[in-house]
Amino acid sequence: MSDRTPVAIAIDGPAASGKSSTAQWVAERLGYRHVDSGSLYRALTAAMVRGGTSPESWTAEDVVAQGARITLEPEKHSFVALIDGAPADDEIRGTGVTANVSRVAVMPEVRSWVNEQVRRAAEAHDVVVDGRDMGTAVFPNAPLKVFLVADPWERARRRLTQRLGRRPTDDEVAEETDVLVQRDAKDATQTVQAKDAVLLDTTFLTQAEQVERIVALAHAVSHRPTVT
Ligand code: C5P
C-alpha cells in the first residue's frame, strides 16, 4: 500500500442483516480486509462462557481481562478473531454466545476495548468494517457508510436457511424472528445509523446485488472531487 491514509468503509445494521457476509465480499472485491467487530464481542463472550461462571455475575472488568487472550489475525482479505491463538468460529456463532453477547456489548469498557482493536486493525490496511456503530463511534470520517436493514422475517429466513442448509418452515421462521427482534431490542442503543450513511434495504435484494451496490458506491466516493 502507498503512504496514503488507509480507507475504512463502515457497514452497520441490526442482527442478521447480512452485514458480515456482504462486508467480506465487498472487501474481496476492493482488495481490502474485512473486520467483523461483532466477532470481537463474540470472542470475549465465548472466553467468558468457557470460564463457566453465571453470565449474570459477569463484570466489565472480567470481560475486558479476557481481551488479553484475543487477537485479530490478518488474512488475505480479513482479520480473524482468535482465542488463545486458535480460531473459534463455530463456538463464537453458537447459541450460548449469541444469547449472552448483548449483555457484554452494553458495557462501555468492553466497547472501548473492541473499538480500540478495530481502529488498530485499520491503521495499516484499507478495511471494510461491520457492526452497529462503526460509522458513528469508530470511523465518523469514513468516506462511505452504509446502514443495512431488512424485514425481520426475511432476516430470520436467511439466517435459518444458512444454519439448517434447507428451507425452514414458517413456524421455525416465526420462532427465529422473535429471537432476532429480542436481540435488536437489547442492541438498540448501540445500533446507530450515521446521518451521512446510505440506507440500503436488502429485503428484496440478493446478496450479489447488495455487494454490487456497495462496490459501486465505494468507486463513486473514491472518484469524488475533493472540495477545497
Ligand atoms: O454482528 P453480530 O450479530 O455478530 O454481533 C454480535 C453482537 O455484538 C450484537 O448482538 C451486539 O450485541 C454486539 N455488537 C455491538 N456493536 C458492534 C458489533 C456487535 O454491540 N459494533
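Note that ligands are numbered from 1 as they come in the structure, with each ligand's atoms numbered from 1 the same way. Computation of the quantities below employed the complete heavy-atom set of this structure, encompassing side-chain atoms and omitting hydrogens, waters and symmetry-equivalent molecules.
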Between E56 and R103 (salt bridge meaning N to carboxylate O under 4.0 Å), is one present in this structure? yes

Give the atom numbers and elements of ligand 1 that come within less than 4.0 Å of a heavy atom of A105. 12 (O), 13 (C), 20 (O)

Which segment of A15 sits under 4.0 Å of ligand 1 when only heavy atoms are counted: neither

Between S37 and ligand 1, does any nitrogen or oxygen pair lie at a separation below 3.5 Å? yes

Within a reach of under 6.0 Å around CD of E75, are more than 12 heavy atoms found that belong to other residues, nucleotides or ligands? yes

Return the closest protein heavy atom for atom 16 (N) of ligand 1 as residue, atom name and distance. R111 NH2, 3.0 Å

Closest to atom 1 (O) of ligand 1 among protein heavy atoms sits R132 NH1, 3.0 Å

For G38, the ligand 1 atoms with a heavy-atom partner under 4.0 Å come out as 5 (O), 18 (C), 19 (C)

Identify, for atom 3 (O) of ligand 1, the protein heavy atom at the shortest distance, and state residue, atom and that distance. R183 NH1, 3.0 Å

Ionic contact status for R158 with E154, cut-off 4.0 Å: yes

May I ask whether V101 and M134 are part of the same hydrophobic cluster, defined by side-chain heavy atoms of I, L, V, M, F, W, Y residues being less than 4.5 angstrom apart, directly or through others? yes

For the pair D36 and R42, find out whether any cationic side-chain nitrogen is under 4.0 Å from an anionic carboxylate oxygen. no

Which residues satisfy the ring pair (Phe, Tyr, Trp, His ring centres under 6.0 Å) test with F79, sequence neighbours excluded? H125

What protein heavy atom sits nearest atom 12 (O) of ligand 1, and how far away is it? D187 OD1, 2.6 Å

Nearest protein heavy-atom contact for atom 14 (N) of ligand 1: which residue, which atom, what distance? Y41 CD1, 3.5 Å

With only distance considered, is D130 within less than 3.5 Å of ligand 1 through an N or O on each side? no

Pairs under 3.5 angstrom only: tabulate donor-acceptor contacts from the side chains of residues 173-182 to other protein residues two or more places apart or in another chain.
| residue | atom | partner | partner atom | Å |
| --- | --- | --- | --- | --- |
| E176 | OE1 | R163 | NH1 | 3.4 |
| E176 | OE2 | R163 | NH2 | 3.1 |
| T177 | OG1 | V173 | O | 2.7 |

Does K186 come within less than 4.0 angstrom of ligand 1, counting non-hydrogen atoms of the residue? no

Note: R119-E123 ion pair, threshold 4.0 Å (strictly below): no

Show the atoms of ligand 1 that are less than 4.0 angstrom away from any heavy atom in M134. 21 (N)

Pair D126 + R4, salt bridge at N-O below 4.0 Å: yes

Checking a contact table here: which protein heavy atom is nearest atom 4 (O) of ligand 1, and how many Å away? R42 NE, 2.7 Å

